[in-house]
2 protein chains.
Amino acid sequence: MTDPKASAIQVPPAEQAGRFARAREVQSRALLEDYVELIGDLITAHGEARVADIAERMGVAHPTATKTVARLKREGLATSRPYRGVFLTEEGARLAESVRSRHRTVVDLLVALGVPAEHAERDAEGIEHHVSQRTLRAFEAFLTKSETQPQS
Amino acid sequence: MTDPKASAIQVPPAEQAGRFARAREVQSRALLEDYVELIGDLITAHGEARVADIAERMGVAHPTATKTVARLKREGLATSRPYRGVFLTEEGARLAESVRSRHRTVVDLLVALGVPAEHAERDAEGIEHHVSQRTLRAFEAFLTKSETQPQS
DNA sequence: CCATAAAATTAGCCATGGCTATATCTTGCG
DNA sequence: CGCAAGATATAGCCATGGCTAATTTTATGG
């Protein structure tokens, strides 16, 4: 248990600023990650990802999806020709897979801790992006242990 | 363990859209929460929260802090008079306390799962905002259990 | 094979949350 | 007590990620 008295003020300003900077940076990648994961899922399910479907599932208007897909292309994660479906580059596909895997791990962890499935899904959607490699490994280790040794 | 084959595509579009909408909504509150928590910490430590200190610790330029404080005031979370320090309203203080408590719980959980302290702090900064009441309760329950019954 | 429906794009608006440069207020020191 | 330094505020810029409205392209059914 951390000391309740130990407010964040105890840490040097620069270090605290760095944490916030990291969180902002993660946030700017989160949208890309969500799109890439979704596009991957749509391709798996339907053979292609149409802008209308992306928009519907992201819960945004079509032009918003078009705009974000343009950003994906700029970043080398996706490809598309005008009025055609969207596809992932190799890099995009790799990212999609790692995002999907991390997402699953986060949901599994929450469920293992006793969070009801629907809550776990909703919370995971936001949490996952902030889970670092190191933390992800800890989650996986815990899940492995829980399997072997169900509960107390 | 969730079924690896069960991609998000299995869930109805509207439900998936709702999850993303929730994550976006959380995101828009996250900044306010961070500021309110920091202002609370600064007041506890120094008796007041100066814009320069807020900016330094948030890792942003002074005008950015000023602008966000204005938003805090608009939302009824803080008060301030020109060229004077920033203070929290009752509602702001309540929010600060609940954010601080949730932050501590998230860090404690990560540490309990074996994440090194500094990593836990960094990841928690982003994760905490997406942890719902329900999930928070599960974290607390797990931590209580771990205390009683240290490890396997 | 063409007309219409459906899908995608483009244009242009808004709020947020960064920034720099400039102006104004407070404060402390000589 | 007045002025320079430091703190705060204001103005105005940029990118992101939403939106609606209008346009263009593709696909389909009669």
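Values below: every heavy atom of this structure, side chains too, minus hydrogens, waters and symmetry copies. Note that the structure is a prediction, hence the values are computed from the model and not measured. In the text below, chain A, chain B and the rest are named by the order of the sequence lines, each starting its count at 1.
Salt-bridge formation is not detected for the pair R122(A)/E118(A): no Lys NZ or Arg NE/NH1/NH2 atom is positioned less than 4.0 Å from an Asp or Glu carboxylate oxygen. In summary, R29(A) and E25(A) do not engage in a salt bridge, as defined by a charged side-chain N under 4.0 Å from a carboxylate O. By the 4.0 Å N-to-carboxylate-O rule, E97(A) lies close enough to R100(A) to be salt-bridged with it.
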Identify all pairs in which a protein N or O lies below 3.5 Å from an N or O of nucleotides 14-18 of chain D, and state each distance.
| from | atom 1 | to | atom 2 | distance (Å) |
| --- | --- | --- | --- | --- |
| dG17(D) | OP1 | R71(A) | NH1 | 3.0 |
| dG17(D) | OP2 | R71(A) | NH1 | 2.4 |
| dG18(D) | O6 | K67(A) | NZ | 2.4 |

Check the interface with nucleotides 26-29 of chain C: list each N/O to N/O pair with the protein under 3.5 Å, or write none.
| from | atom 1 | to | atom 2 | distance (Å) |
| --- | --- | --- | --- | --- |
| dT26(C) | O3' | R84(B) | NH2 | 3.3 |
| dT27(C) | OP1 | R84(B) | NH2 | 2.6 |

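For dA9(D), one of the phosphate oxygens OP1 or OP2 lies less than 4.0 angstrom from a side-chain nitrogen or oxygen of T66(B).
Atom CZ of F142(B) sits about 11.5 Å away from atom CG of D108(B), to the nearest 0.5 Å.
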Check residues 82-91 of chain B and write down every donor-acceptor pair under 3.5 Å in which the side-chain atom is one partner and the other belongs to a residue at least two apart or another chain.
| from | atom 1 | to | atom 2 | distance (Å) |
| --- | --- | --- | --- | --- |
| T89(B) | OG1 | G76(B) | O | 2.7 |
| T89(B) | OG1 | L77(B) | O | 3.2 |
| T89(B) | OG1 | E91(B) | N | 3.4 |
| T89(B) | OG1 | G92(B) | N | 3.0 |

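Following rounding to the nearest Å, E56(B) (CD) and dG6(D) (P) show an atom-to-atom distance of 15 Å. Distance, R81(B) CZ to dA9(D) C1': 15 Å, rounded to whole Å.
Minimum heavy-atom separation, H119(A) to V115(A): CB-CG1, 3.6 Å.
Screening R22(A), R19(A), R134(A) for a salt bridge (charged side-chain N to carboxylate O under 4.0 Å, His left out) with D123(B), the sole residue that qualifies is R22(A).
Within the 4.5 Å cutoff, no side-chain heavy atoms of H130(A) are placed close to those of T135(A).
If you check dA11(C), dA8(C), dT8(D) against the side chain of R50(A), the one that comes closest is dA8(C).
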